[in-house]
Amino acid sequence: MNRAAAARAAMVARLENGAPACGSWLTVRPAGAGEWDLAACGPRDIWDELQSVAARWRAAGEPACYRLHIDAHGEQWVSAGAGRAELAWPVLPPAGASDR
């Protein structure tokens, strides 16, 4: 863990994440000496998903800036990093939004 990541981790009192659609949830708390207590429940392995995203972020060079792209057809996506390790994901319309 680099110094910036360690500083961010030191400021975290608790991380909670959930996936209401399937009822999965996760709580992580610092346990001291670089250890973490993890409690999770539900069909999704949210911890594994977070670790996968963190690994992709590190592989992309730990980007601090993100770009919003909008093409000629109105499709939108966010990206960060560059090259093969670039992170990118679509911007989806809010639930219940209709085409205008």
Side-chain angles (χ1 to χ4, degrees):
M1 180 181 300
N2 67 33
R3 288 183 185 183
R8 285 190 300 271
M11 295 186 298
V12 174
R14 179 175 71 199
L15 168 68
E16 294 180 356
N17 199 326
C22 69
S24 297
W25 58 267
L26 163 80
T27 300
V28 183
R29 293 184 177 103
E35 299 292 319
W36 297 84
D37 287 331
L38 169 70
C41 185
R44 283 179 62 182
D45 187 346
I46 296 174
W47 182 248
D48 186 56
E49 292 176 31
L50 288 172
Q51 292 298 302
S52 175
V53 169
R56 291 180 54 216
W57 176 74
R58 284 189 296 276
E62 300 182 8
C65 297
Y66 298 85
R67 294 175 298 280
L68 174 62
H69 307 268
I70 304 172
D71 71 12
H73 305 289
E75 295 292 322
Q76 300 177 23
W77 68 98
V78 176
S79 68
R84 296 181 60 134
E86 179 181 53
L87 300 173
W89 58 95
V91 176
L92 302 175
S98 60
D99 292 341
R100 295 173 208 222

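None of these values were measured; they are calculated from a predicted model. All values below were derived from every heavy atom in this structure, side-chain atoms included, with hydrogens, water molecules and symmetry-related copies excluded.
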Validation row: [X], [Y] side chains within 4.5 angstrom (heavy atoms):
{"X": "Leu50", "Y": "Val28", "value": "no"}
{"X": "Ser79", "Y": "Tyr66", "value": "no"}
{"X": "Asn17", "Y": "Trp47", "value": "no"}
{"X": "Trp57", "Y": "Glu62", "value": "yes"}

Next on the checklist: Count I, L, V, M, F, W, Y as connected when their side-chain heavy atoms are under 4.5 Å apart, and connections chain through other members. Are Val53 and Trp89 then in the same cluster?
Outcome noted: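 Cluster IDs for Val53 and Trp89 differ.
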
Checklist entry - Under a 4.5 Å side-chain heavy-atom rule over Ile, Leu, Val, Met, Phe, Trp and Tyr, are Leu38 and Trp25 clustered together? => result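 No: no chain of side-chain contacts under 4.5 Å links Leu38 to Trp25.
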
Next on the checklist: Could you report the tightest heavy-atom contact between Pro63 and Leu87, atom names first, then the distance?
Outcome noted: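 What the structure gives for the nearest pair is CG-CD1, 4.4 Å.
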
Checklist entry - What heavy-atom pair brings Pro43 and Cys22 nearest, and what distance separates the two atoms? => result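 Smallest heavy-atom distance, with atoms named: CD-O, 3.6 Å.
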
Item to check | Arg56 side, atom CZ; Gln51 side, atom CD - distance, nearest 0.5 Å | outcome: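 So the gap between those two atoms works out to 14.0 Å.
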
Checklist entry - Out of curiosity, Leu26 CG to Leu15 CG, how far, rounded to the nearest 0.5 Å? => result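 If we round to the nearest 0.5 Å, Leu26:CG and Leu15:CG are 6.0 Å apart.
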
Checklist entry - Checking Arg44 side chain against Gly18 main chain: does a donor-acceptor pair fall under 3.5 Å? => result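 Between the backbone of Gly18 and the side chain of Arg44 there is no qualifying donor-acceptor contact (under 3.5 Å).
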
